[in-house]
Colleague: 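Okay, handing you the structure first.
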Amino acid sequence: MTSELHLYDTAARAVDRFVPITPGKVGIYLCGATVQAPPHIGHIRSGVNFDILRRWLTATGYEVTFIRNVTDIDDKILHKAVHEKTPWWAVAMKYERAFTSAYSSLNVLPPTYEPRATGHITQMVSLMETLIANGSAYAPGNGDVYLEVRKLKRYLTLSNQKLDDLQPAEDADMTYKKDPRDFALWKAAKPGDPSWPTPWGAGRPGWHLECSAMAFAYLGESFDIHGGGLDLIFPHHENEIAQSEAAGYGFAKRWMHNAWVTTSGEKMSKSLGNSLQIHEILKKGVRGIELRWYLGSAHYRSMLEFSFESLEESSVNFRRIEAFLKRAAEATGKHAELKFSQAFADAMNDDLAVPAALASISEAVRLGNTAITEGDSKAVATYASEVRGALSILGCDPSDEAFASAGSASNEALDGLIQLALDQRNAARARKDFAAADAIRDQILHLGILIEDTPQGTRWSIQ
RNA sequence: GGUCGGAUGGCCGAGAGGCGAGGCUCAGGACUGCAAAUCCUGCCACACGGGUUCAAAUCCCGUUCCGACCUCCA
C-alpha cells in the first residue's frame, strides 16, 4: 500500500492531501525569472525545488503540464537597457539565456512551455477588457489601467493581511488612482519606452498581469499548483489572485512557496550585494550535480544557509553515494534500474520531505555496501536500483546524460596507460616489493588518480 | 504599526508529546603488506524562564536573539 501525496498549501497554511482537478493530470504554474540580471543560486534553488516536485509527480504516474514563465519586460530591464545602451529586448534575451544555461547545468528539466510576457499582450488586453467590463478595473484616461482593490470580494488571503494595515506606498501617485493601494495592470507609455496599442492607449504591462494572462492561456481558469519564491507572496501572488478572481477564474487551487538561500542569516539578493551567481560557483570546479544535490538537500520550505564549507560537506556525502553506484555496477556488471523504496516514497509524499528521503538513500547505500562485501549481487542490484531511482527523482542520477562527461576516446587511452602502471605495481606487490608498489601508487595519486586494492582486484578512479 | 518564519550536538540538517533521522568531521575497532574504500562502535543535542502531562526538543504562557514581507525580489 503506497502512501498518498500530501503537500503544503500557503493559503491554508497546512499540509493536506493533494487531489488533482483532473484525475491523473497536474497543471503547475511556476513564476520564473524576470530577466534583468544573471541568476543567483536562490533563483535556481526555486527551479530545483519545483523540478523535484515535477519529477516526483511524473514518477508517480501523473501527466504534468509545467508552465514556467519569463517576464521579459519590466522597469529594471528598461533601466538596464538605458544604462547599457542596448535595446531592452537584447537585455532580456541575454539574461534569459543565462537562466536557461544555469537551469541546464543543474539538470532542471525544461518546462512544458515557457511563455514570455511580451508574447501575450493580446491575452493581457483581453483580460483587462473583462476586468473593466465587470467593474473591477478602471482606465482613468491617461493610458494606465488599475485594479480597484476596494471592490474585491477578497484580497490578501495568501499573506493574511488587512488592506488597512498595509503601509501605503510613499510614492503612490494619486493623480489617477482611486486608492493608493490600487495597482497598475497596464502602464501608459513614456517617451522612449516600448509600447503596445490598447483601447486605452499605447503602453506596456504592469508586473502582475502577465502571470494571470499566461496561466489562463495554458492552464485554464483553474489549475492545480502555483509556485514561486516566498517573497512573491505579496504583492505578486496576491495581485495575481486579485486579477484572476475578479475575472471570474478559480485560479490556483494550491500555493507552494520555496524558502530562500541565505548567507549570514540574510536573504540572498542583489540589493544586499550578497548574491552568488551559479556560474561563479561552477567556475570554482564544483560539479553541477553536486551543486544541485546541495540546493535540493534541505526541505524546500526551510531556509538554506549557504556556505562553501557545507557545499563541500554535501558533495562528500554525494560522492560516497556515487561511488556506491559505480562499485555496484562493477559488481553486478550492469547499470542499476530506476526504482525507489517505500521509505523514499513515504518521505516524498510527506510534502517532499527530501531530508527524510536522503536518510532512506543513506540506509540503502550502507546495506548495499555490505552486500558488495558479502558478494550478494542480487541484493546489490536491489539497493543500487533504489538508490539510482531515488537520485533520478532528485535530478541527481550520475548516469543521467545531462551530466555526462565527454571524452570517452581519451579515456580509453588513459585506461590503457593506467593499466600498464597497475600491472607494474601488482608485479612489485607479488614479489613483496612494497616500496616500489607504494611509489607507483603515490606518483599516480599526484596525477589525480586514486588506486584502491580490493578483494576483486585493483580499481582506479579520477579524483 | 501589521503579517510571517526561525534558534536542534564540533558543523550541516530533519523531526513536532514517549522509542537517539541522516550526513559531515573527529576518536576507537574490524578488514588490509600499507593505504584507500567499506563496515562496526563512540561523541546522548534541541535559545532562556515558567507551566500542562505518567512522559515535552515537540503543547501552553512569558522572555531574549535572528530573519523576511508590507507594492523591486526566487
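By convention in this document, chain letters (A, B, ...) are assigned in the order of the sequence lines, proteins followed by strands, and residues within each chain are numbered from 1.
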Colleague: Under 4.0 Å between a side-chain N/O of A:Arg459 and OP1 or OP2 of B:A35, yes or no?
Modeller: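 No, because none of the side-chain N or O atoms of A:Arg459 sits under 4.0 Å from OP1 or OP2 of B:A35.
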Colleague: Mind checking if A:Val261 touches a base, just sugar-phosphate, or nothing, with heavy atoms under 4.0 Å?
Modeller: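 Touches a base.
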Colleague: Suppose the criterion is salt bridge (charged side-chain N to carboxylate O under 4.0 Å, His left out): which pairs have a residue in residues 303-315 of chain A, not counting sequence neighbours?
Modeller: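 Only A:Glu312-A:Arg319 qualify under salt bridge (charged side-chain N to carboxylate O under 4.0 Å, His left out).
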Colleague: Sort out for me which residue in A:Tyr103, A:Phe99, A:Tyr95 forms a ring pair (Phe, Tyr, Trp, His ring centres under 6.0 Å) with A:His43.
Modeller: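 It is A:Phe99; the other options fail the test.
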Colleague: May I have all residue pairs that pass salt bridge (charged side-chain N to carboxylate O under 4.0 Å, His left out) and include part of residues 27-50 of chain A, sequence neighbours excluded?
Modeller: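 Listed by first then second residue: nothing to list.
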Colleague: When you measure from the side chain of A:Glu266, which nucleotide among B:A68, B:C40, B:C69 comes out closest?
Modeller: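 Between B:A68, B:C40, B:C69, the one nearest the side chain of A:Glu266 would be B:A68.
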Colleague: To the nearest Å, how far apart are A:Lys177 NZ and B:U71 P?
Modeller: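 Value for this atom pair: 11 Å.
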Colleague: Of A:Ser315, A:Pro398, A:Ser399, which is the lone residue that meets side-chain contact (heavy atoms from CB on, under 4.5 Å) with A:Glu322?
Modeller: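 Among the candidates, only A:Pro398 passes.
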Colleague: Counting the atoms with a prime plus P, OP1 and OP2 as sugar-phosphate, which does A:Asp438 contact under 4.0 Å by heavy atoms, base, sugar-phosphate, or nothing?
Modeller: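 It contacts base atoms.
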Colleague: Going by salt bridge (charged side-chain N to carboxylate O under 4.0 Å, His left out), name the residues that satisfy it together with A:Glu280, two or more places apart in sequence or in a different chain.
Modeller: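 In terms of salt bridge (charged side-chain N to carboxylate O under 4.0 Å, His left out), with neighbours along the sequence ignored, A:Glu280 is linked to no residue.
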Colleague: I'd like the P distance from B:G15 over to B:G1, given in whole Å.
Modeller: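 Each nucleotide's P atom is 32 Å from the other's.
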Colleague: How would you summarise protein contacts on nucleotides 2-18 of chain B per nucleotide, using B for base, S for sugar-phosphate only and - for none, with heavy-atom distances below 4.0 Å?
Modeller: BSS------BBSS----
Colleague: What's the closest nucleotide to the side chain of A:Ser46 if the choices are B:G23, B:A74, B:U71?
Modeller: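 Minimum distance to the A:Ser46 side chain belongs to B:A74.
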Colleague: Name the closest nucleotide to the A:His40 side chain, picking from B:G33, B:G22, B:A74.
Modeller: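 Nearest to the side-chain atoms of A:His40, counting from C-beta on, is B:A74.
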Colleague: Does A:Lys178 make a cation-pi contact with A:Tyr138 (under 6.0 Å, within 45 degrees of the axis)?
Modeller: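 Yes, A:Lys178 sits over the ring of A:Tyr138.
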Colleague: Does A:Asn258 have a side-chain nitrogen or oxygen under 4.0 Å from the phosphate oxygens OP1 or OP2 of B:A74?
Modeller: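 For A:Asn258, the contact criterion (side-chain N or O under 4.0 Å from OP1 or OP2 of B:A74) is not met.
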Colleague: Return the value, rounded to whole Å, for the distance between atom OH of A:Tyr95 and atom C1' of B:A74.
Modeller: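 It works out to 17 Å between those atoms.
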Colleague: Is A:Ala184 touching bases, backbone alone, or none of the nucleic acid, heavy atoms closer than 4.0 Å?
Modeller: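 No contact.
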Colleague: Using a strict cut-off of less than 4.0 Å between a Lys/Arg side-chain nitrogen and an Asp/Glu carboxylate oxygen, indicate whether A:Arg431 and A:Asp433 qualify as a salt bridge.
Modeller: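 Answer for the salt bridge query: yes.
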Colleague: Could you point out which residue of A:Val316, A:Leu295, A:Leu291 forms a side-chain contact (heavy atoms from CB on, under 4.5 Å) with A:Leu311?
Modeller: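 Among A:Val316, A:Leu295, A:Leu291, the one that satisfies the side-chain contact (heavy atoms from CB on, under 4.5 Å) with A:Leu311 is A:Leu291.
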Colleague: Taking OH from A:Tyr155 and C1' from B:C70, how many angstroms apart are they, rounded to a whole number?
Modeller: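 In whole Å, B:C70 C1' lies 11 Å from A:Tyr155 OH.
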Colleague: Closest approach to the side chain of A:Asn317, judged atom by atom: which nucleotide of B:A74, B:G22, B:C24 is it?
Modeller: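 Between B:A74, B:G22, B:C24, the one nearest the side chain of A:Asn317 would be B:C24.
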Colleague: I want to verify a distance call: between B:A36, B:U71, B:A68, whose nearest atom is closest to the A:Trp260 side chain?
Modeller: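 Nearest to the side-chain atoms of A:Trp260, counting from C-beta on, is B:A68.
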Colleague: Checking all strands, does A:Ile451 fall into the base, sugar-phosphate, or nothing category for heavy-atom contacts under 4.0 angstrom?
Modeller: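 Contact class for A:Ile451: base.
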Colleague: Figure out the CZ/P separation between A:Phe234 and B:A68, and round it to whole Å.
Modeller: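 So the two atoms are 17 Å apart, to the nearest Å.
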Colleague: Whole angstrom is fine here: how far is it from CG in A:Leu358 over to P in B:G23?
Modeller: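 So the two atoms are 10 Å apart, to the nearest Å.
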Colleague: For A:Tyr29, does the six-membered ring have the charged nitrogen or CZ of A:Arg68 within the cation-pi criterion, i.e. under 6.0 angstrom from the centroid and within 45° of the normal?
Modeller: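 Geometry flag: not set, cation outside 6.0 Å or 45°.
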Colleague: Passes salt bridge (Lys or Arg N to Asp or Glu O under 4.0 Å), A:Arg327 versus A:Glu330? Steps please.
Modeller: CA-CA 5 Å; A:Arg327 292 189 302 121; A:Glu330 287 166 4; over 6 Å; no
Colleague: Please classify the nucleic acid contact of A:Gly42 as base, sugar-phosphate, or nothing, using heavy-atom distances under 4.0 Å.
Modeller: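 Since a base atom lies under 4.0 Å of A:Gly42, the category is base.
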Colleague: In whole angstrom, what separates A:Glu374's CD from B:C40's P?
Modeller: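 Distance, rounded to whole Å: 11 Å.
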Colleague: Before accepting this row, confirm whether a basic side-chain N of the pair A:Arg181/A:Asp179 lies closer than 4.0 Å to the acidic partner's carboxylate O.
Modeller: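 A salt bridge links A:Arg181 with A:Asp179.
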Colleague: Between A:His237 and A:His208, is the gap from one ring center to the other below 6.0 Å?
Modeller: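 A:His237 vs A:His208: aromatic centres not under 6.0 Å.
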Colleague: Whole angstroms only, please: what is the CG-C1' distance between A:Leu232 and B:A68?
Modeller: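 Taking CG of A:Leu232 and C1' of B:A68, I get 13 Å after rounding.
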Colleague: If I take atom CD in residue A:Glu148 and atom P in nucleotide B:U71, what distance separates them, rounded to the nearest angstrom?
Modeller: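 Rounding to the nearest Å, CD of A:Glu148 and P of B:U71 are 20 Å apart.
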Colleague: Under 6.0 Å between ring centres, would you say that holds for A:Phe306 and A:Trp260?
Modeller: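 Centroid separation for A:Phe306 and A:Trp260: 6.0 Å or greater.
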Colleague: My validator wants the stems of RNA chain B: runs of 3 or more consecutive Watson-Crick or G-U pairs, both distances under 3.5 Å, written as range with range.
Modeller: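 For RNA chain B the paired stretches long enough to count as stems (3 pairs minimum) are B:1-7 with B:64-70, B:10-12 with B:22-24, B:26-30 with B:38-42, B:47-51 with B:59-63.
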Colleague: Please write out each protein N/O paired with an N/O of nucleotides 28-32 of chain B under 3.5 Å, distance rounded to 0.1 Å.
Modeller:
none

